[in-house]
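What follows is a single structure, written as structure tokens, with notes after it.
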Amino acid sequence: MVNFVGAGPGAVDLITVRGRKLIEEADCIIYAGSLVNPEILAWKKDCCEVYDSSRMSLPEVIAQMEKAERDGKMTVRLHTGDPSVYGAIREQMDALDERKIPYAVCPGVSSFCAAAAALQMEYTLPGISQSVIITRGAGRTPVPERESVRSFAAHRAVMVLFLSSGMAGRMAEELMAGGYSAETPCAMVFRASWPDEKIVRTTVEKLEQAAADAGITRQALIVVGDAVAQKDYDFSKLYDPAFTTGYRKGTSS
Ligand code: SAH
């Protein structure tokens with residue numbers, strides 16, 4: 001059995017209770033050493049084997065899972081944040097299906113949630129934006145043209161850019177060419193929830209310079225949109241004293 005586990009954004013106590021339990025039970029752990037906090041490994045059994053996937057190819061990862069399965073062992077495949085977001089888990093699950101190795105997925109706290117927490121921000125501010133676009137700039141991994149940052153920018157919703165802090169200048173150009181004004185508030189969150197977390201608040205126009213000044217080129221998210229300012233929003237209907245909900249009678253009815 002293989003358990004894909006979301007390790008959370010970095011802070012060890014941001015893994016789920018279920019994820020921690022699976023780590024305690026694992027006979028073999030394959031973790032993404034580039035971003036998963038190695039302190040999480042302190043919970044493993046003494047006899048548990050540990051492999052760092054940042055030094056392994058897909059066939060090597062699968063071969064290790066296959067070997068553990070043959071020996072009747074439980075493998076935890078530890079991914080950063082939530083495994084479904086840029087986690088490359090489909091290719092692993094398909095390889096396991098081919099080999100008839102059972103698996104399950106345990107979700108995790110994605111870094112885009114940890115970034116909102118760091119910014120003390122509500123992404124879905126009434127009256128400002130009710131949508132969060134999660135995407136990335138095209139790099140060595142291409143992005144379909146219909147999903148370009150420029151085309152999504154036309155919505156001027158909140159946008160969270162993964163894997164793009166090393167191309168902040170190009171991202172700013174795309175964001176402005178697509179529809180955000182130069183003054184649109186924008187933030188970079190480096191290593192959200194880690195002890196060395198860094199927050200940079202700026203505007204789209206000044207994004208490249210702000211990233212350079214802070215020395216941020218990787219392990220960061222770019223958050224763009226009017227909602228980043230957290231101002232001039234409408235109050236929620238749900239908690240409006242006048243508003244009747246399925247759970248509460250409002251004063252206006
Ligand atoms: N599955 C992960 C994302 C993996 S892709 C998740 O759900 O968060 C790796 C990218 O995620 C990094 O390049 C960076 O853009 C972002 N990232 C991961 N952890 C981060 C953190 N703690 N703070 C800021 N960005 C992070």
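Everything numeric in this text was worked out from a predicted model, so none of it was measured. Read the numbers this way: they start at 1 and go in the same order the structure lists the ligands and their atoms.
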Within reach of ligand 1, part of L35 (heavy-atom separation under 4.0 Å):
side chain
Closest protein heavy atom (residue, atom, distance) for atom 11 (O) of ligand 1:
F162 CD2, 3.4 Å
To which protein heavy atom is atom 2 (C) of ligand 1 closest, and what is the distance rounded to 0.1 Å?
T80 O, 3.2 Å
With R77, which of V5, V105, V61 fulfils side chain to side chain contact (heavy atoms under 4.5 Å, CB included)?
V61
N or O contact, S193 vs ligand 1, cut-off under 3.5 Å
no
Heavy-atom pair with the smallest gap, counting every atom of W194 and V36:
CH2-C, 4.2 Å
May I ask you to decide if the ring planes of F152 and H155 are parallel, tilted or perpendicular, using 30° and 60° as cut-offs?
tilted
Hphob cluster co-occupancy, V2 + I89, side-chain heavy atoms under 4.5 angstrom:
yes
Please check if the side chain of S111 supplies one atom and the backbone of A114 the other of a donor-acceptor pair under 3.5 Å.
no
Of all heavy-atom pairs between E147 and S151, which one has the smallest distance, and what is that distance?
C-OG, 3.8 Å
Check the side chains of D226 and Y180 for a donor-acceptor pair under 3.5 angstrom, ignoring hydrogens and angles.
no
Using heavy atoms and a 4.0 Å limit, tell me yes or no: is R191 in contact with ligand 1?
yes
Quick test: of every protein heavy atom, which one is nearest to atom 14 (C) of ligand 1, and how far off is it to 0.1 Å?
A220 O, 3.5 Å
With a 4.0 Å cut-off on heavy atoms, is G10 in contact with ligand 1?
no
Atom 3 (C) of ligand 1: which protein heavy atom is closest, and how many Å away?
V85 O, 3.5 Å
So which heavy atom in the protein is nearest atom 25 (N) of ligand 1, and how far is it from that ligand atom?
L221 CG, 3.4 Å
Give the residue, atom name and distance (to 0.1 Å) of the protein heavy atom nearest atom 7 (O) of ligand 1.
S110 OG, 2.8 Å
Could you tell me whether R218 approaches ligand 1 through its side chain, its backbone, both or neither, with non-hydrogen atoms closer than 4.0 Å?
neither
Same apolar cluster (I L V M F W Y, side chains within < 4.5 Å links), I15/M74
yes
Answer side chain, backbone, both or neither: which part of F112 comes under 4.0 Å from ligand 1, heavy atoms only.
neither
Give me the residue, atom name and distance of the protein heavy atom closest to atom 5 (S) of ligand 1.
Y86 CB, 3.7 Å
Classify the angle between the aromatic ring planes of Y86 and F162 as parallel (below 30°), tilted (30 to 60°) or perpendicular (above 60°).
tilted
Considering only non-hydrogen protein atoms, determine which one is nearest to atom 18 (C) of ligand 1 and report residue, atom name and distance to 0.1 Å.
S111 OG, 3.5 Å
